[in-house]
Amino acid sequence: MKIRGFLKNGYNYSLNNNFKEARKEYSKVLEYEQNKIFKRLIITAKLNLYNTYHYDMINRQESLEYARINEENFLKELPNYHDRKHLIFSWYKYQYALLCCNLGNTYNELALMRDAKNNYNSSKKYSLQAVDMFRKINKLNSYYFSIFGTTYSNLAITYRGLANLSKESSLLQLSLNYAKKSLLIFEEVKDCYNIARIQNSIGNIYNDLINYKNNANKKETFYSNKLLKQIVRVL
């Protein structure tokens, strides 16, 4: 009960953007790390602790690097549950997928700051690991199904970034495909905020595709088709 109390306090502090106090509460949980009966709670505490650095806007790059290093190390600590089918391992598979998804997002943000290509490639690596894990989980509750949507969104961002670096429209098409997969998931769980976010991303990807068209007539045709699809979706 004491550990669950620390987790609840940390979560509440995080909701109020008080990350300093949240970290104190999560760190209290880690004092019980040597006791194996609290394994699931320890994993939750670590995930939540490192996740606070994703939302910390003070010293942004430093916070993301801290999250990256710790999440990569934590990923190595987690057992390999890929090939185990028993239901008892489902929860750990979720956490593995969530951790990979977080790393994909972290590398995408770091790509905007420096070393874009290397960071985008790392984001792709971890996001694909997350997709692979989610596919191996037979049943997803609404929360983890939404995280699956975030993973596809990460891949859309990654491929758009790589496309803009190399000016390759084929990478933009991959970005568009992943964005559409993400949109389908968010529509299914009725996540209005992310539906709007992904629709905006899809619009930006179409704009990039239009700019890659050399022929003016092709640009006009492509742009008209894009507008038509957006109008149909709104209706």
Peer 1: Please report the interatomic distance OG(S169) to CG(L176), rounded to the nearest 0.5 Å.
Peer 2: 11.5 Å
Peer 1: Can you name the residues that form a salt bridge (Lys or Arg N to Asp or Glu O under 4.0 Å) with R114, not counting sequence neighbours?
Peer 2: E65
Peer 1: List the atom of D208, the atom of R160, and the distance in Å for their closest heavy-atom pair.
Peer 2: OD2-NE, 2.6 Å
Peer 1: Please round to the nearest 0.5 Å and tell me the distance separating atom CG of L64 and atom CD1 of I69.
Peer 2: 11.0 Å
Peer 1: Do I185 and S146 have side chains that approach each other closer than 4.5 Å (heavy atoms only, starting at C-beta)?
Peer 2: no
Peer 1: Applying a strict under-4.5 Å side-chain criterion to I, L, V, M, F, W and Y, I'd like to know whether F6 and I37 cluster together.
Peer 2: yes
Peer 1: Strictly distance-based, threshold 3.5 Å: is any side-chain N or O of N200 a donor or acceptor partner for the main-chain N or O of A196?
Peer 2: no
Peer 1: Spell out, as yes or no, whether a donor-acceptor pair under 3.5 Å connects the side chain of D132 to the backbone of L128.
Peer 2: no
Peer 1: By salt bridge (Lys or Arg N to Asp or Glu O under 4.0 Å), which residues pair with E33, not counting sequence neighbours?
Peer 2: K46
Peer 1: Quick one: list whatever passes side chain to side chain donor-acceptor pair (under 3.5 Å) with T106, sequence neighbours left out.
Peer 2: H54
Peer 1: Could you measure the distance from the CD atom of Q129 to the CE atom of M133? Nearest 0.5 Å is fine.
Peer 2: 8.5 Å
Peer 1: Side chain to side chain contact (heavy atoms under 4.5 Å, CB included) between L30 and L49: does it pass, once the steps are laid out?
Peer 2: CA-CA 10 Å; L30 302 186; L49 173 61; 4.0 Å; yes
Peer 1: If you round to the nearest 0.5 Å, how far is CD of E187 from CD1 of I198?
Peer 2: 10.5 Å
Peer 1: Can you pull the salt bridge (Lys or Arg N to Asp or Glu O under 4.0 Å) pairs that have at least one residue in residues 9-26, sequence neighbours excluded?
Peer 2: E21-K24, R23-D56, E25-K28
Peer 1: For F74 and L47, what are the C-alpha separation, side-chain angles and deciding distance, and is it a side chain to side chain contact (heavy atoms under 4.5 Å, CB included)?
Peer 2: CA-CA 9 Å; F74 187 35; L47 280 168; 4.1 Å; yes
Peer 1: List the atom of A179, the atom of A156, and the distance in Å for their closest heavy-atom pair.
Peer 2: N-CB, 3.7 Å
Peer 1: Would you please test N194 and S153 for side chain to side chain contact (heavy atoms under 4.5 Å, CB included) and show each step?
Peer 2: CA-CA 10 Å; N194 277 308; S153 173; over 6 Å; no
Peer 1: Do Y11 and Y50 share a hydrophobic cluster, counting only Ile, Leu, Val, Met, Phe, Trp and Tyr and linking them when any side-chain heavy atoms are less than 4.5 Å apart?
Peer 2: yes
Peer 1: Charged N to carboxylate O under 4.0 angstrom, K76 versus E72?
Peer 2: no
Peer 1: Looking only at non-hydrogen atoms, find the nearest pair between C101 and T150 and report the distance.
Peer 2: SG-CG2, 3.8 Å
Peer 1: With sequence neighbours excluded, what pairs up with Y144 under the side chain to side chain donor-acceptor pair (under 3.5 Å) test?
Peer 2: Q95
Peer 1: What are the two closest non-hydrogen atoms of S182 and G149, and how far apart are they?
Peer 2: OG-O, 2.9 Å
Peer 1: Is the backbone N or O of N18 less than 3.5 Å from a side-chain atom of N16, with the two atoms forming a donor-acceptor pair by type?
Peer 2: no
Peer 1: Minimum heavy-atom separation for F134 and T151, please, with both atom names.
Peer 2: CE1-OG1, 3.6 Å
Peer 1: Answer whether the closest heavy-atom distance between the side chains of I58 and S63 falls below 4.5 Å.
Peer 2: no
Peer 1: To the closest 0.5 Å, what do you measure between OG1 (T52) and CG (N17)?
Peer 2: 11.0 Å
Peer 1: Which residue pairs satisfy the salt bridge (Lys or Arg N to Asp or Glu O under 4.0 Å) criterion with at least one member in residues 164-174, sequence neighbours excluded?
Peer 2: none
Peer 1: Are side-chain heavy atoms of L41 and Y32 found at a separation under 4.5 Å?
Peer 2: no
Peer 1: Check the pair Y26, L7 against side chain to side chain contact (heavy atoms under 4.5 Å, CB included), reporting the backbone distance first and the verdict last.
Peer 2: CA-CA 6 Å; Y26 294 136; L7 288 171; 4.0 Å; yes
Peer 1: Who are the side-chain contact (heavy atoms from CB on, under 4.5 Å) partners of E62, not counting sequence neighbours?
Peer 2: N59
Peer 1: More than 12 heavy atoms of other residues, nucleotides or ligands under 6.0 Å from CZ of R60: is that the case?
Peer 2: yes
Peer 1: Using modelled atom types only, decide if a donor and an acceptor are shared between the side chain of N211 and the backbone of N207 within a distance under 3.5 Å.
Peer 2: yes
Peer 1: Starting at CG of N164, measure out to CG of N204 and round the result to the nearest 0.5 Å.
Peer 2: 10.0 Å
Peer 1: Can you run down the ring pair (Phe, Tyr, Trp, His ring centres under 6.0 Å) pairs that involve residues 150-202, sequence neighbours left out, and say none if there aren't any?
Peer 2: F148-Y152, Y152-Y178, Y159-Y178
Peer 1: Cluster question for you: counting only ILVMFWY and a side-chain heavy-atom cut-off of under 4.5 Å, with indirect links fine, are Y66 and F19 together?
Peer 2: no
Peer 1: Could you list the residues that satisfy side-chain contact (heavy atoms from CB on, under 4.5 Å) with N177, not counting sequence neighbours?
Peer 2: Q173
Peer 1: Decide yes or no for Y206 and I202: does some side-chain heavy atom of the first lie under 4.5 Å from some side-chain heavy atom of the second?
Peer 2: yes
Peer 1: Which residues pass the salt bridge (Lys or Arg N to Asp or Glu O under 4.0 Å) test with R197, not counting sequence neighbours?
Peer 2: none
Peer 1: Quick one: list whatever passes side-chain contact (heavy atoms from CB on, under 4.5 Å) with N108, sequence neighbours left out.
Peer 2: Y120, S123, N154, I157, T158
Peer 1: Does any part of the side chain of K180, heavy atoms only, come nearer than 4.5 Å to the side chain of L184, both counted from C-beta?
Peer 2: no
Peer 1: Minimum heavy-atom separation for V29 to I42, with atom names?
Peer 2: O-CD1, 3.2 Å
Peer 1: Using side-chain heavy atoms (C-beta onward) and a distance below 4.5 Å, is S14 in contact with N48?
Peer 2: no
Peer 1: Quick one: side-chain contact (heavy atoms from CB on, under 4.5 Å) partners of N119, sequence neighbours excluded?
Peer 2: Y107, L110, A111, D115
Peer 1: Should L112 and L103 be counted in the same cluster of Ile, Leu, Val, Met, Phe, Trp and Tyr side chains packed under 4.5 Å apart?
Peer 2: yes
Peer 1: Kindly work out whether a path of hydrophobic side-chain contacts (I/L/V/M/F/W/Y, heavy atoms less than 4.5 Å apart) joins Y13 to Y53.
Peer 2: no
Peer 1: Could you tell me whether the side chain of N121 reaches within less than 4.5 Å of the side chain of L162, counting heavy atoms only?
Peer 2: yes
Peer 1: So, S127 side chain and K124 main chain: donor-acceptor pair closer than 3.5 Å or not?
Peer 2: no
